[in-house]
Each structure stands twice: as structure tokens, then as C-alpha cells.
K.L.:
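One structure follows; several queries about it will come next.
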Amino acid sequence: MDTQRSSAGKAPGIIEITPPSAATIKTQSIRLIATGIMGQFATMSPLVSLRKSADFYDCYDVRMHIYLPDQSRNLQLDENISQAGTIDIENGPIEVREINVIYDNPEIKPEIYAYSLWDISFRYCVEGRELPAIRVRYVIDDPETTHGTVTSVEKT
């Protein structure tokens, strides 16, 4: 079994690599919603919704609300969203597309953290095979990684 472990610029974690599934981010929006939120009111895992686009074939709309430490800098999405792998979740293994949110931590570490709430929305279109879920992870400048989440599209 191939495994991927922490390496420069890559979110750490064990994942069985599967062949890439070509996808491209078509539109994106990153905006700050609020700052100064105390830690006990912030969740460390990103809150993510994923749905198939009603307007475009083979496209998906993603919306994330994420809490980052106040004064975080250089927030961006990793443009390479073609990486794929299989990870284990409660219901068994699932193949996922990797979505990495990259940012730099504040240089000065406060004694008590306050957080900012960010809204990230984007559409990606698949040129390769479709995957049933995405895994969203934070990639931090050092490159320490915090919590992440796996989200899938409900089949109707």
C-alpha cells in the first residue's frame, strides 16, 4: 500500500494514493465575515457543503466556513485539486479529492487566541473521473496541519 506522509507543502496524513482525477477551479471567492471570535465559539474543523452544480455538467459548488487565528495571512486555495486518494472514515474507505486551504499563521503568538470567520466559495469542474467526496484540510506555513473534514454529495 502506498502512503503519503508529511512533506513540504503537503498536508500530512496517511492516504492511499489513487490515480489523479483532473479538475480545475473555475470561480472562487474568499471573504472575511467576522473577527475577534473567542476560541470557545470557534470550531477547528472547516464547515463544508458540496453540491453538484445545477448550471454546469460535471461541476461542483463548494462552500466553506472556516475559523482561522486573527491576523492569519495569505489565505488561498491550493489550485491543484486533482490529487485523489482513499481514506478510512467511520463507514469504511472512501475515495476523495484533496482540497487544501493554505495560510500563514500570525507571527506573534497571543496568549489567548481570537479567531476570524472566513467564507470560501468556489466551483470546480471535473475533466477526469468523478469522486464521491472531498477532503478539506488546512495547510499552515510551518507546515503543521490542523483538523480537516470529509464531505460528499448526497445521491438522490
Side-chain angles (χ1 to χ4, degrees), residues 3-17 20-53 55-56 59-90 94-126 131-154:
T3 59
Q4 174 184 336
R5 294 196 184 266
S6 181
S7 63
K10 197 72 173 147
I14 298 174
I15 184 170
E16 183 179 337
I17 303 301
S21 168
T24 305
I25 294 176
K26 297 296 185 182
T27 61
Q28 68 176 291
S29 166
I30 298 176
R31 72 184 174 98
L32 179 63
I33 296 175
T35 61
I37 301 167
M38 297 311 295
Q40 67 265 30
F41 300 112
T43 175
M44 296 304 108
S45 295
L47 305 170
V48 180
S49 71
L50 171 69
R51 67 180 177 87
K52 196 150 177 79
S53 174
D55 303 328
F56 298 96
C59 292
Y60 293 85
D61 295 319
V62 179
R63 184 155 201 185
M64 298 185 275
H65 284 149
I66 62 174
Y67 292 92
L68 300 178
D70 276 353
Q71 313 305 316
S72 294
R73 300 174 322 282
N74 303 321
L75 176 61
Q76 62 185 323
L77 284 174
D78 185 344
E79 293 289 326
N80 180 7
I81 62 168
S82 296
Q83 297 295 351
T86 302
I87 61 171
D88 287 320
I89 60 172
E90 290 178 15
I94 188 168
E95 191 173 23
V96 297
R97 177 177 310 283
E98 249 185 48
I99 309 287
N100 292 316
V101 176
I102 303 166
Y103 69 96
D104 296 335
N105 254 334
E107 288 184 24
I108 299 172
K109 307 285 189 223
E111 198 169 302
I112 298 174
Y113 268 99
Y115 291 85
S116 297
L117 176 60
W118 291 86
D119 176 69
I120 301 175
S121 299
F122 64 97
R123 172 174 287 155
Y124 71 89
C125 297
V126 178
L131 301 175
I134 61 173
R135 177 175 70 161
V136 176
R137 308 241 303 195
Y138 298 144
V139 178
I140 308 170
D141 61 343
D142 50 6
E144 170 191 348
T145 298
T146 63
H147 302 281
T149 190
V150 174
T151 305
S152 64
V153 176
E154 182 179 5

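What you see is a predicted model; the values in this text were computed from it and never measured.
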K.L.:
Do Ile134 and Met64 come within less than 4.5 Å of each other through their side chains, counting heavy atoms only?
P.N.:
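Counting from C-beta outward, Ile134 and Met64 never come under 4.5 Å.
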
K.L.:
For Pro46 versus Ile66, what's the shortest heavy-atom pair and its separation?
P.N.:
CB-CG2, 3.5 Å

K.L.:
Roughly how far, to the nearest 0.5 Å, is CG of Asn105 from OG of Ser72?
P.N.:
5.5 Å

K.L.:
When rounded to the nearest 0.5 angstrom, what distance separates CD in Glu16 from CG in Asp88?
P.N.:
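If I round to the nearest 0.5 Å, the distance is 9.0 Å.
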
K.L.:
Are Ile94 and Ile87 close enough, and set up right, to give a side chain to side chain contact (heavy atoms under 4.5 Å, CB included), and what steps lead you there?
P.N.:
CA-CA 6 Å; Ile94 188 168; Ile87 61 171; 4.2 Å; yes

K.L.:
Do Cys125 and Thr24 have side-chain heavy atoms sitting under 4.5 Å apart?
P.N.:
no

K.L.:
Is the closest side-chain donor-acceptor distance between Gln76 and Gln28 under 3.5 Å?
P.N.:
no

K.L.:
Is a side-chain N or O of Asp70 found less than 3.5 angstrom from the main chain of Ser116, in a donor-acceptor match?
P.N.:
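The answer is yes, because a donor-acceptor pair under 3.5 Å joins these two groups.
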
K.L.:
Any sub-3.5 Å donor-acceptor pair from Ser82's side-chain atoms to Ala23's backbone N or O?
P.N.:
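Side chain of Ser82 to backbone of Ala23: a pair is present.
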
K.L.:
Measure up the Tyr103 and Tyr138 rings against each other and bin them: parallel (under 30°), tilted (30 to 60°), perpendicular (over 60°).
P.N.:
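Ring orientation of Tyr103 relative to Tyr138: perpendicular.
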
K.L.:
Only counting residues at least two apart or in another chain, list the ones meeting salt bridge (charged side-chain N to carboxylate O under 4.0 Å, His left out) with Asp119.
P.N.:
Arg31, Arg63

K.L.:
For the atom pair CD (Glu95) and CZ (Arg135), what is the distance rounded to the nearest 0.5 Å?
P.N.:
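Answer rounded to 0.5 Å: 12.0 Å.
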
K.L.:
Output the distance between atom CG (Asp78) and atom CD (Glu98), rounded to the nearest 0.5 Å.
P.N.:
8.5 Å

K.L.:
Do Tyr124 and Arg97 have side chains that get closer than 4.5 Å, going by heavy atoms?
P.N.:
yes

K.L.:
Could you state the interatomic distance from CG (Leu77) to CD1 (Ile120), rounded to the nearest 0.5 Å?
P.N.:
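If we round to the nearest 0.5 Å, Leu77:CG and Ile120:CD1 are 5.0 Å apart.
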
K.L.:
In the structure I gave you, are the side-chain heavy atoms of Trp118 and Val101 within less than 4.5 Å of one another anywhere?
P.N.:
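They are not in contact (no side-chain heavy atoms under 4.5 Å apart), so the answer is no.
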
K.L.:
Has Gln40 got more than 12 heavy atoms of other residues, nucleotides or ligands less than 6.0 Å from its CD?
P.N.:
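Check passes, neighbour count above 12.
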
K.L.:
Are the side chains of Leu117 and Ile37 in touch, meaning some heavy atoms are under 4.5 Å apart?
P.N.:
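Of all side-chain heavy-atom pairs linking Ile37 with Leu117, at least one is under 4.5 Å.
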
K.L.:
Does any non-hydrogen side-chain atom of Asn100 lie less than 4.5 Å from one of Gln83?
P.N.:
no

K.L.:
Return the CD1 to CG distance between Ile102 and Asn74, rounded to the nearest 0.5 Å.
P.N.:
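If we round to the nearest 0.5 Å, Ile102:CD1 and Asn74:CG are 10.0 Å apart.
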
